[in-house]
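Following: one structure in structure tokens, then a few remarks.
Because the structure is predicted, anything quoted here is derived from the model rather than measured.
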Amino acid sequence: MSDSSPEHPARPVVLDIWCELQCPDCRTALDDVRALRARYGDRVDLRLRHFPLEKHKHSFAAAQAAEEAFEQGKGWPYVEAVLAGVEELDRRGEPFLLDTARELGLDVEEFDTALIDGRHILIVDADQAEGKAIGVTGTPTYVIDGERLDGGKSQEGLRERVEEITDRLLVAEGS
């Protein structure tokens, strides 16, 4: 019996995306993220990892808000909506984060409380510390199979490289 039988489904390939929700380059990378999700579905576990940059004053709050959205079951739609409004986040800060949650039908009071009580700060801090430890310097940065691909410098050919590595890993896993 192979490991990819229904009793033993193949493990998904893990793709960590170090992202900052006030980053225009991360918004540009959304098309790649959507394409990867469409191509691989649940065979790839796309994990948002937070790397808020000091130059963007609302990025730390946005990372916490994204964690609350994941907790409420709409993480990726929230991330996409916030990235689509990078300029508005620049201008409006937390009210924009709350309005975005409201538009997606999330519990806005819980969002507000989460931003006040800081319940997601440890996750954001841990992601940022891990990113620094592995050499992330900007966003977006992808890490797949131990290989770091820096999309902050250039996103040219990045999706193709991620697909190449993913396809190789999926063949090795037999899925």
Side-chain angles (χ1 to χ4, degrees), residues 11-38 40-144 148-152 155 162:
R11 284 184 322 239
V13 170
V14 174
L15 172 59
D16 283 333
I17 304 168
W18 301 87
C19 183
E20 198 246 39
L21 297 184
Q22 206 174 341
C23 168
D25 289 335
C26 288
R27 177 177 55 197
T28 305
L30 263 183
D31 287 340
D32 287 342
V33 171
R34 285 188 195 107
L36 291 166
R37 280 213 316 258
Y40 296 110
D42 61 5
R43 294 180 303 154
V44 173
D45 181 11
L46 285 171
R47 298 192 313 190
L48 178 72
R49 306 300 298 275
H50 302 288
F51 202 76
L53 302 170
E54 282 182 25
K55 67 181 178 180
H56 293 137
K57 66 179 178 183
H58 304 300
S59 62
F60 195 75
Q64 293 176 72
E67 281 303 311
E68 182 59 30
F70 276 104
E71 203 160 278
Q72 292 190 31
K74 290 193 178 172
W76 281 108
Y78 185 81
V79 165
E80 291 191 19
V82 171
L83 282 171
V86 162
E87 293 85 3
E88 203 172 343
L89 177 58
D90 278 344
R91 272 195 321 276
R92 295 184 52 222
E94 287 189 23
F96 170 71
L97 297 172
L98 297 175
D99 287 348
T100 303
R102 187 175 293 109
E103 286 163 18
L104 290 171
L106 296 167
D107 182 337
V108 178
E109 280 185 32
E110 201 57 38
F111 255 81
D112 198 28
T113 304
L115 289 173
I116 292 165
D117 71 17
R119 68 182 73 160
H120 302 298
I121 286 176
L122 288 177
I123 292 170
V124 177
D125 282 347
D127 275 1
Q128 193 165 35
E130 184 181 335
K132 285 178 181 171
I134 63 168
V136 174
T137 56
T139 56
T141 295
Y142 301 82
V143 176
I144 182 167
R148 192 177 72 242
L149 306 166
D150 187 349
Q155 295 183 44
V162 169

### Side-chain heavy-atom pair Thr139, Asp25 within 4.5 angstrom cut-off
no

### Query
What is the minimum heavy-atom distance between Leu83 and Cys23, and which atoms define it?
CD2-O, 4.0 Å

### Query
Less than 4.5 Å apart, any side-chain heavy atom of Glu71 and any of Glu110?
no

### Message
Using the side-chain hydrogen bond (donor to acceptor under 3.5 Å, both in side chains) definition, which of the options Lys55, Gln128, His56 pairs with Glu20?
### Response
His56

### Residue pair His58 / Leu97, side-chain heavy-atom distance below 4.5 Å
no

### Query
For Ala63 and Leu21, which heavy atoms make the closest approach, and how far apart are they?
N-CD1, 4.4 Å

### Query
How long is the gap from CG on Asp31 to CG on Leu36, to the nearest 0.5 Å?
11.0 Å

### Task
Over all heavy atoms of both residues, which pair between Leu89 and Ala62 is shortest? Give the atoms and the distance, please.
CD2-CB, 4.1 Å

### Task
Report yes if the side chains of Glu87 and Arg91 come closer than 4.5 Å at any heavy-atom pair, otherwise no.
yes

### Query
Applying the side-chain hydrogen bond (donor to acceptor under 3.5 Å, both in side chains) test to His120, which of Glu68, Gln64, His50 qualifies?
Glu68

### Message
Show every ring pair (Phe, Tyr, Trp, His ring centres under 6.0 Å) that has at least one partner inside residues 77-112, sequence neighbours left out.
### Response
Tyr78-Phe111

#### Entry: Pairs where residues 16-36 contributes a residue and the test ring pair (Phe, Tyr, Trp, His ring centres under 6.0 Å) is met, not counting sequence neighbours
none

### Message
With rounding to the nearest 0.5 angstrom, report the NZ to OG1 distance, Lys74 to Thr100.
### Response
13.0 Å

## Note on the structure
Tightest non-hydrogen contact, residues Leu98 and Leu115, listed as CD2-CD1, 4.2 Å

### Task
Please determine which of Leu48, Val33, Ile17 meets the side-chain contact (heavy atoms from CB on, under 4.5 Å) test together with Val79.
Leu48

### Task
Check whether any side-chain heavy atom of Pro140 sits under 4.5 Å from a side-chain heavy atom of Cys19, and report yes or no.
no

### Message
Counting C-beta onward and ignoring hydrogens, is there a side-chain heavy-atom pair between Leu15 and Asp45 closer than 4.5 Å?
### Response
no

### Message
Are the side chains of Asp32 and Val162 in contact, using a 4.5 Å heavy-atom criterion?
### Response
no

### Task
Hey, could you give me the CZ/CG distance between Arg37 and Leu30, rounded to the nearest 0.5 Å?
8.5 Å

#### Entry: Heavy atoms from other residues, nucleotides or ligands near CG of Asp117 exceed 12 (cutoff 6.0 Å)
yes

### Task
Starting at CD of Glu88, measure out to CG of Asp99 and round the result to the nearest 0.5 Å.
7.5 Å

